[in-house]
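Here's the structure, in C-alpha cells; my notes come after.
Hydrogens, waters and symmetry mates play no part in the numbers below; they use all other heavy atoms, side chains included. Fair warning: this is a prediction, and the values are worked out from it, not measured in the lab. All residue numbers refer to positions in the sequence shown, counting from 1. In listed order, ligands and their atoms are each counted from 1.
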Amino acid sequence: MGKKLFIKTQGCQMNEYDSDRMGDLLNLSHGFETVSSAEEADLILLNTCSIREKAQEKVFHQLGRWKKLKEKNPELKIGVGGCVASQEGEKITSRAPFVDMVFGPQTIHRVPTLYETSSNQGSSVVDISFPKTEKFDNLPEPTSEGPSSFVSIMEGCNKYCSFCVVPHTRGNEISRPIDDILEEVKGLAQKNVKEIILLGQNVNSYRDTKDKTKGLGLANLIREVAAAKGIERINFTTSHPFEFGQDLVDIYEEIPELISCVHLPVQSGSDKILKAMRRRHSREQYLEIIGKLKEARPGMSISSDFIIGFPGETEKDFQDTLDLVDSVGFDESFSFIYSPRPNTTAKDLEDNVPLEQKKLRLDELQLKLENSALSISRRMVGQVTRCLVTGVSKKDPGEFQARTENNKVIIFACSDPDLIGNFVKIEVVEAKTKSLRGMLVA
Ligand code: SAH
Ligand code: F3S
C-alpha cells in the first residue's frame with residue numbers, strides 16, 4: 001500500500017498549480033498517492049495564501065486541528081508551504097513545533113528532499129529561499145486531467161503595488177524559457193489537452209530571454225502556443241494594465257485560438273486611489289485599453305479585481321469606481337475589502353475608512369457587478385456558441401458542463417460522455433447568475 005498525501009490549498013491559481021506539482025513530485029519520488037481527507041494521510045501539506053487579512057491566524061487554527069491527528073499518529077508528517085510560509089519562515093516551527101517542514105512558493109521542487117531530511121533527522125526543516133529559475137527546471141511534466149491545463153510561464157512580481165504582499169512572498173519576476181514552455185504545451189496536447197491557460201502573477205511582463213527572440217513577450221508566446229498542434233484555445237492570467245501594450249491588443253485579431261475574455265484587474269476607478277496604490281496607470285488609460293480590446297474582438301468579456309476602502313477612499317472615489325463599472329460593463333469579477341499587509345508600503349497609511357462604510361460600499365459594488373455580469377449573460381440568450389465540454393455538471397450528474405467562447409460556464413443535457421474534452425455548438429437558452437443553460441445544436 002502506497003503512502004498517502006493530503007494537500008489543502010488556499011488562495012490563487014498559482015497555488016493550485018503549485019499544489020498539483022507537489023503531488024506529482026511526491027508521487028514520483030516516494031510513490032505518494034493523493035487522498036481527499038487529512039485523517040487518512042501519512043503526509044499533510046498546507047499551501048497557504050497571505051494576500052488578505054487573518055491569513056496567519058487561519059494557518060495556525062488549521063495546524064491546531066491537525067496537531068490532534070499527529071498526537072494519535074506520531075508517524076504523520078506535516079508541511080506548510082506558500083506565501084504565509086514565505087513570510088513567516090521559522091516563526092511557524094517555533095509556534096507550532098510539530099510542523100516537520102516549511103517551504104516557500106519558490107522551493108516546492110525541494111519538497112521531496114525536505115521530506116527525506118526531516119524524516120531522517122527527526123526534526124523540522126525550513127527552506128523559504130528564492131533560488132532563481134531552479135524551480136522551473138526541477139518540476140516534472142504535469143499530469144493533466146481534462147481538456148484544459150494551466151502552464152506556468154513566469155513567477156513573481158516586480159510591480160510592488162502599495163497594497164500587495166506578492167512581490168515580498170513570491171520574489172522578483174522570472175520568466176521561463178520559451179522552448180521549455182512550448183515543450184510542455186506539446187506534451188499536454190498529446191494528452192488531448194485542448195485549452196492552455198498561461199499562468200503567472202503578472203504574465204504580460206513575460207520575456208523570453210534567449211538571444212534568438214531578443215526578449216520577445218507574451219504576444220509572441222501566444223502565437224507560438226497557438227501553432228502547437230491540437231491546441232484550440234488559449235487564455236492567460238493575470239495581466240496588469242500597465243504593460244498591456246498594442247501587441248497584446250493586436251494578437252486578439254490575429255489569433256482566433258485566444259478566448260474572448262480578459263481578466264484585467266483595475267482595483268479602483270479613482271485616479272487619486274490608483275496613484276496611492278502605485279498602479280502606474282490612470283482611469284483613462286485603462287478605459288483606452290478596454291476600448292481597443294472590444295474593437296479588436298467584438299463580444300469580448302472583461303473581468304476585474306477591485307479593492308474597496310483603500311486608505312483615503314472618499315465617497316467620490318468610490319463613485320468613480322461605480323461609474324467605471326458602468327462604462328466598462330464587466331463580466332464576473334472579484335472584489336475585496338482592503339487589508340493592510342506586512343512589508344507593503346500602504347500598511348503605514350492611516351486605514352481611515354470605517355469598516356461599516358467599507359462593507360456598505362462592497363455590497364453596493366458587488367450588486368452592480370452581479371447585474372453587469374447577468375446582463376452580459378442575458379444578451380447571449382439565443383446565440384449559438386462554440387463550447388469546450390469540460391465534464392459532467394457538478395450540480396447534476398445527469399448533465400454536462402462546458403465553457404463558451406467568452407469563458408462562461410454553460411450547463412446542458414447530454415448523455416454522450418465522448419463529448420467531454422471536445423468542442424460542440426450550444427445554443428444559449430437561459431441566463432442565470434453564475435452560469436448559462438444551453439441546448440446542444442446538432
Ligand atoms: N497579479 C494580480 C493580482 C494579485 S492578488 C494583479 O496584477 O492585479 C489578487 C487580487 O487580490 C488583487 O488583484 C487585489 O484585488 C486583491 N488584493 C491584493 N492585495 C490586497 C490587499 N492588501 N487587500 C485587499 N485585496 C487585495
Ligand atoms: Fe500584486 Fe500589483 Fe504584482 S497586485 S501581484 S504587486 S501587479
Side-chain angles (χ1 to χ4, degrees), residues 10-18 48-56 58 82-84 86-87 105-106 150 152-175 197-206 218 235-244 248 262-270 273-281 285-286 289 302-313 318 321 324-325 330 332-349 351-353 355 358-359 361-362 365-366 369:
Q10 307 171 331
C12 65
Q13 287 156 327
M14 300 288 287
N15 267 12
E16 299 279 350
Y17 182 88
D18 284 349
T48 60
C49 169
S50 64
I51 200 80
R52 278 172 294 274
E53 220 163 13
K54 303 205 180 104
Q56 294 93 298
K58 261 201 254 168
C83 290
V84 176
S86 167
Q87 197 178 287
Q106 300 297 346
F150 285 112
S152 170
I153 64 165
M154 55 86 63
E155 275 279 342
C157 182
N158 290 352
K159 293 286 168 293
Y160 291 92
C161 299
S162 66
F163 54 84
C164 186
V165 78
V166 168
H168 308 277
T169 57
R170 284 193 171 257
N172 279 342
E173 285 166 4
I174 305 163
S175 292
I197 305 153
L198 303 171
L199 188 63
Q201 287 300 338
N202 202 2
V203 289
N204 45 7
S205 66
Y206 176 81
L218 181 61
N235 194 359
F236 54 86
T237 194
T238 302
S239 46
H240 189 301
F242 174 65
E243 278 168 317
F244 212 102
L248 268 184
V262 180
H263 184 65
L264 194 57
V266 67
Q267 316 296 355
S268 168
S270 149
I273 298 296
L274 285 173
K275 195 156 181 222
M277 287 176 164
R278 301 188 35 192
R279 290 290 288 180
R280 311 172 192 216
H281 67 85
Q285 284 164 326
Y286 183 83
I289 300 168
I302 311 287
S303 58
S304 174
D305 297 343
F306 296 88
I307 295 179
I308 286 303
F310 189 79
E313 185 189 73
F318 175 60
T321 299
L324 182 91
V325 173
F330 286 102
E332 244 175 83
S333 297
F334 303 92
S335 44
F336 317 96
I337 285 181
Y338 169 69
S339 102
R341 302 281 66 214
N343 304 315
T344 61
T345 49
K347 82 167 195 315
D348 300 325
L349 301 174
D351 191 2
N352 56 0
V353 183
L355 184 61
K358 287 180 186 166
K359 286 183 179 162
R361 286 180 188 169
L362 185 70
L365 174 68
Q366 288 185 337
L369 286 169

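Using a 4.0 Å heavy-atom cutoff, R170 is absent from the residues neighbouring ligand 2.
Every atom of ligand 2 with a heavy atom of R279 under 4.0 Å away is listed here by number and element: 2 (Fe), 4 (S). Of all atoms in ligand 2, listed by their number and element, those nearer than 4.0 Å to a heavy atom of F163 are 4 (S). Ligand 1 places these atoms under 4.0 Å from at least one heavy atom of R341: 22 (N). Ligand 1 places these atoms under 4.0 Å from at least one heavy atom of Q201: 1 (N), 2 (C), 4 (C). Close approach of ligand 1 to P265 is summarised as follows: ligand atoms under 4.0 Å from at least one heavy atom of the residue are 8 (O). Each of the following atoms of ligand 2 lies closer than 4.0 Å to a heavy atom of Y160: 6 (S). Each of the atoms 6 (S) of ligand 2 lies under 4.0 Å from some heavy atom of P167.
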- Begin with the C-alpha distance, continue with both residues' side-chain angles, and end with the deciding distance and a verdict on side-chain contact (heavy atoms from CB on, under 4.5 Å) for I308 and F318. CA-CA 8 Å; I308 286 303; F318 175 60; 3.8 Å; yes

- Item | Candidate pair S205 and E173, rule side chain to side chain donor-acceptor pair (under 3.5 Å), full reasoning | CA-CA 8 Å; S205 66; E173 285 166 4; 3.2 Å; yes

- Message: Evaluate Q106 against E155 for side chain to side chain donor-acceptor pair (under 3.5 Å), listing each step before the verdict.
- Response: CA-CA 8 Å; Q106 300 297 346; E155 275 279 342; 2.9 Å; yes

- Item | Full working for side chain to side chain donor-acceptor pair (under 3.5 Å) between H263 and D305 | CA-CA 8 Å; H263 184 65; D305 297 343; 3.0 Å; yes

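A cation-pi geometry, defined here as NZ or CZ lying under 6.0 Å from the six-membered ring centre and within 45° of its normal, holds between R52 and F336.
With a 4.0 Å cut-off on non-hydrogen atoms, V166 does not touch ligand 1 at all. Here R279 has side-chain heavy atoms under 4.0 Å from ligand 1, and that is the only part of it that gets that close. Contacts between I51 and ligand 1 below 4.0 angstrom, taking non-hydrogen atoms only, involve backbone and side chain alike. Residue-level proximity to ligand 2 for P265 is absent, since no heavy atom of it falls below 4.0 angstrom. Within the 4.0 Å heavy-atom criterion, the part of R52 lying near ligand 1 is the side chain and not the backbone.
Here the straight-line distance linking atom CG of L199 with atom OG1 of T238 works out to 7.5 Å at 0.5 Å rounding.
The single protein non-hydrogen atom nearest to atom 19 (N) of ligand 1 is F163 CD1, 3.3 Å, given as residue, atom name and distance. For atom 26 (C) of ligand 1, the nearest protein heavy atom (residue, atom name, distance) is I307 CD1, 3.6 Å. Looking only at heavy atoms of the protein, atom 1 (Fe) of ligand 2 is closest to C164 SG, 2.3 Å. Looking only at heavy atoms of the protein, atom 15 (O) of ligand 1 is closest to Q267 OE1, 2.7 Å. Taking atom 7 (S) of ligand 2 as the reference point, the nearest protein heavy-atom neighbour is H240 CD2, 3.3 Å.
Distances from atom 6 (C) of ligand 1 to the heavy atoms of T238, I337, V203 put T238 nearest. For atom 2 (Fe) of ligand 2, the candidate residues are C161, G156, C157; the nearest heavy-atom contact is made by C161.
Ring geometry for Y160 versus H168: interplanar angle over 60°, hence perpendicular rather than tilted (30 to 60°).
Under the 4.5 Å side-chain criterion, counting only non-hydrogen atoms from C-beta, C164 is not in contact with R341.
Between K159 and E243, at least one side-chain N (NZ, or NE/NH1/NH2) sits under 4.0 Å from a carboxylate O, which counts as a salt bridge.
Counting non-hydrogen atoms of neighbouring residues, nucleotides and ligands closer than 6.0 angstrom, the NZ atom of K347 exceeds 12 such neighbours.
Note: an N/O pair closer than 3.5 Å links S339 and ligand 1 by distance alone. Inclusion of C164 in the set of residues having an N or O under 3.5 Å from an N or O of ligand 1 is not warranted. At under 3.5 Å, a nitrogen or oxygen of D305, whether backbone or side chain, sits near a nitrogen or oxygen of ligand 1. For ligand 1, the polar-atom distance check against S239 finds no nitrogen or oxygen pair separated by under 3.5 Å.
Taking the centre of each ring, F150 and Y17 stay at or above the 6.0 Å mark. Taking the six-membered ring for Trp, F330 and F306 have ring centres closer than 6.0 Å.
Checked by atom type, the side-chain pair S50/Q87 shows a donor-acceptor distance below 3.5 Å.
Contact between R170 and P105 at its shortest, heavy atoms only, is NH1-CB, 3.6 Å.
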